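Here's the structure we're looking at; comments come further down.
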Amino acid sequence: MSAPEPEEKKGKDFLRTIIDQDIAAGKNDGRVETRFPPEPNGYLHIGHAKSICLNFGLAHDYNGVCHLRFDDTNPEKEETEYINAIQEDVRWLGFDWKKHLYYASDYYAHFERCARELISAGKAYVCDLSPDQVRQYRGTPTEPGKNSPNRDRTVDENMALFDKMKHGDFPEGTCILRAKIDMAHPNITMRDPALYRIKFADHPRTGSTWCIYPMYDFAHPISDAIERITHSVCTLEFEDHRPLYDWVLAHITIDCRPRQIEFARLNITFMVMSKRKLLRLVQEKHVTGWDDPRLPTICGLRRAGYTPEAIRNFCDRIGVDKTNSTVDIALLEYFIREDLNKRARRVMAVLRPLKLVIDNYPDGQTEEFAAENNPEDPSAGTRSVAFSKTVYIEQDDFREVPPKGYFRLSPGTEVRLKHAYYVTCTQVVKDAAGEIIEVHCTYDPASRGGGTTDNRKIKGTLHWVSAAHAIDAEVRLYDRLMLTANPDDAPAGQDFLANLNPRSREVLPACKIEPSVAGARPGDRYQFLRNGYFSVDPDTKESKIVFNRTVTLKDAWAKIEKNAAKK
Ligand code: ATP
Ligand code: MG
């Protein structure tokens, strides 16, 4: 396995450079305080993990703190289920917000005071234009907008109308509170943006107390300032909003000036990374739930068998920068393989069993062979694997008519059964339909433990499980959920769902596994020899262990690096 080039070991990224400068300039008394501000309207995904690693990482590196703040200003789409799941996922990734758990909804009264302060200063007004009209009046990047007919309302008038908005006297959509900035501003975001809208929706935390809700661009800078955040890190699409962020803080009374800094969001090939699309995949049942192992959600990756370390190492490696790009999914897979290679115990599991009977092996005899648990980690020790007259091998490891270059079992050939003996195929048994149901072999007692005295060359080594000792398992194999590297690359008139891979999940209900995995618990991870890395699924029952394949053994990233080196 070739390791990905360590990003030219690393000059500081641009964020740390900015923070160093701020500290050198004596800003914030040298304090660094960051926040991760999810909107609780879906589950976290690997893109969020980048933001989490970044914000908590900065706090860690500068001896600061990182807050977890729920940006819950959009009552309709938000649910307590998401609030709980988000906390679980951040913790699982290995981060601790200590006592700094906050909710934007706890600041509603503060936001209202700020709104009134702007109204009093003639910096905000209630506007009755319909949403369509607001759009029309806004202008375009090349043309200035037009002033709203309500722009010159008096302070008293605005205050009275805002009171009425707050008291539920107006239906939804009839008016908004807007900042009074400049309808000809070259940055459209600054053309009298909305600050408050009316919504008669129950909020998961404030219930029906409020029917006006602040807009993100108003609530976010104030929340940051209330919490005394020093560096408010967000993704690039908010770059145009930064002047508004600064405008809000400049026009309210608050003695803290957080600095907004933008970085590029993470995209990964073959992965859908927008909450809206993930929600559709879940709601329309294209996947089994938010934690479907095919999803890039944190809980999906966890269920698939990913480790927090692998995700953190991946986030470290991709770093932060200022331009959007897409990361190859093979790089993410590289990091989980690298981690599991070190920690996953090797076992033998047969996914599609074919019975192999050793005719010259004594009936009823069992032998135990020592097998190493992890060649990468001698301290993992060995275990004992039981062998007997009838074993299972993979259907794929037998061909009645072997293709050229096939080194596994076929009539007349000899292969090594890993850790055990050499066997030679003598006979094939078929059912009435002509399907192979059993193969017969003879074994060479002199090859005990997997070698011989004559050192004859054996090319094929097969994994196997003794039929009498095997435990039953269900194994779920996954392929990419999307067929195209860019899931949005859909034929005209269709959306990303057109690119769903119809064969992304395969359930193998009757697998045979060596007994050493008995008692395995959800979350336990193994390498099944030759088959990949697997993790025990929460669907596991006393009677049947269920495994998910986390990733295959094949390292596509090594190939990418090799090809790149050739060029
Ligand atoms: P989506 O576009 O998937 O709905 P969002 O940005 O609306 O995501 P939030 O809950 O607001 O989701 O995100 C919380 C934080 O995570 C924000 O600071 C946001 O910038 C960051 N974030 C979201 N997606 C990514 C991503 N793909 N890469 C890096 N950071 C991200
Ligand atoms: Mg957002």
Side-chain angles (χ1 to χ4, degrees), residues 13 15 34-59 66-74 76-79 81-87 89-90 93 95 97 101-105 204 214-217 219-221 223-224 227 229 231-242 245 258-283 290 295-301 311-312 314-327 329 331-332 486-488 496:
D13 58 55
L15 265 163
T34 55
R35 85 287 172 265
F36 172 64
E39 189 182 344
N41 61 351
Y43 281 64
L44 298 182
H45 53 62
I46 180 105
H48 293 113
K50 175 176 175 177
S51 176
I52 293 168
C53 291
L54 184 58
N55 279 299
F56 281 91
L58 287 172
C66 178
H67 303 185
L68 175 61
R69 181 199 314 143
F70 287 102
D71 191 357
D72 55 348
T73 51
N74 200 359
E76 291 135 326
K77 296 191 200 149
E78 294 164 2
E79 288 177 31
E81 175 197 349
Y82 300 137
I83 290 181
N84 295 334
I86 287 169
Q87 295 188 49
D89 288 350
V90 175
L93 279 172
F95 298 105
W97 52 87
L101 175 64
Y102 302 110
Y103 294 85
S105 54
M215 305 300 290
Y216 174 90
D217 282 334
H220 206 81
S223 306
D224 283 345
E227 291 175 21
I229 297 300
H231 298 86
S232 178
V233 179
C234 64
T235 40
L236 279 183
E237 67 275 20
F238 290 103
E239 197 165 8
D240 287 349
H241 298 237
R242 191 183 342 128
Y245 183 99
R259 175 169 183 178
Q260 176 179 310
I261 312 171
E262 308 86 19
F263 72 101
R265 64 173 44 230
L266 172 64
N267 293 300
I268 302 181
T269 55
F270 298 98
M271 285 188 160
V272 171
M273 205 86 86
S274 116
K275 275 195 263 184
R276 191 175 47 80
K277 290 177 193 159
L278 291 171
L279 185 66
R280 264 191 83 188
L281 288 169
V282 173
Q283 284 182 337
W290 282 104
L295 290 182
T297 50
I298 303 299
C299 54
L301 293 167
I311 296 174
R312 293 201 306 260
F314 168 75
C315 290
D316 240 25
R317 166 57 170 64
I318 56 174
V320 275
D321 56 51
K322 270 279 194 193
T323 38
N324 281 317
S325 63
T326 301
V327 175
I329 194 172
L331 185 62
L332 177 62
N486 174 4
D488 289 324
F496 73 105

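Atoms considered below: every heavy atom in the structure, side chains included; atoms not considered: hydrogens, waters and symmetry mates. Note that the structure is predicted; figures quoted are calculated from it, not measured. Just so you know, ligand 1 is whichever comes first in the structure, and atom 1 is the first atom listed for that ligand.
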Please could you name the atoms of ligand 1 that [X] approaches to less than 4.0 Å, counting only its heavy atoms?
X      : value
Met273 : 3 (O)
Ser274 : 3 (O)
Thr235 : 20 (O), 29 (C), 30 (N), 31 (C)
Phe263 : 29 (C), 30 (N)

Minimum distance, heavy atoms only, to atom 16 (O) of ligand 1: which one of Arg35, Glu39, His48 is it?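 Considering heavy atoms of Arg35, Glu39, His48, the nearest to atom 16 (O) of ligand 1 sits in His48.
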Could you tell me whether a side-chain N or O of [X] sits under 3.5 Å from a main-chain N or O of [Y], the two making a donor and an acceptor?
X      : Y      : answer
Asp488 : Phe496 : no
Asn324 : Arg265 : yes
Arg280 : Lys275 : no
Lys322 : Glu262 : yes

Are any of the N or O atoms of [X] closer than 3.5 Å to those of ligand 1?
X      : value
Arg276 : no
Arg265 : yes
Glu237 : no
Cys234 : no

Would you please classify the geometry between the [Y] ring and the [X] ring as parallel, tilted or perpendicular, with 30° and 60° separating the classes?
X      : Y      : value
Phe36  : His48  : perpendicular
Tyr216 : His220 : parallel
Tyr103 : Phe70  : parallel

Below a 4.0 angstrom heavy-atom separation, can you tell me which part of Phe36, side chain or backbone, both or neither, approaches ligand 1?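 Contact part for Phe36 vs ligand 1: side chain (C-beta onward).
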Give the contacting part of His45 toward ligand 1: side chain, backbone, both or neither, where contact means a heavy-atom distance below 4.0 Å. side chain
Give a yes-or-no answer on whether the side chains of Glu81 and Tyr43 include a donor-acceptor pair shorter than 3.5 Å. yes
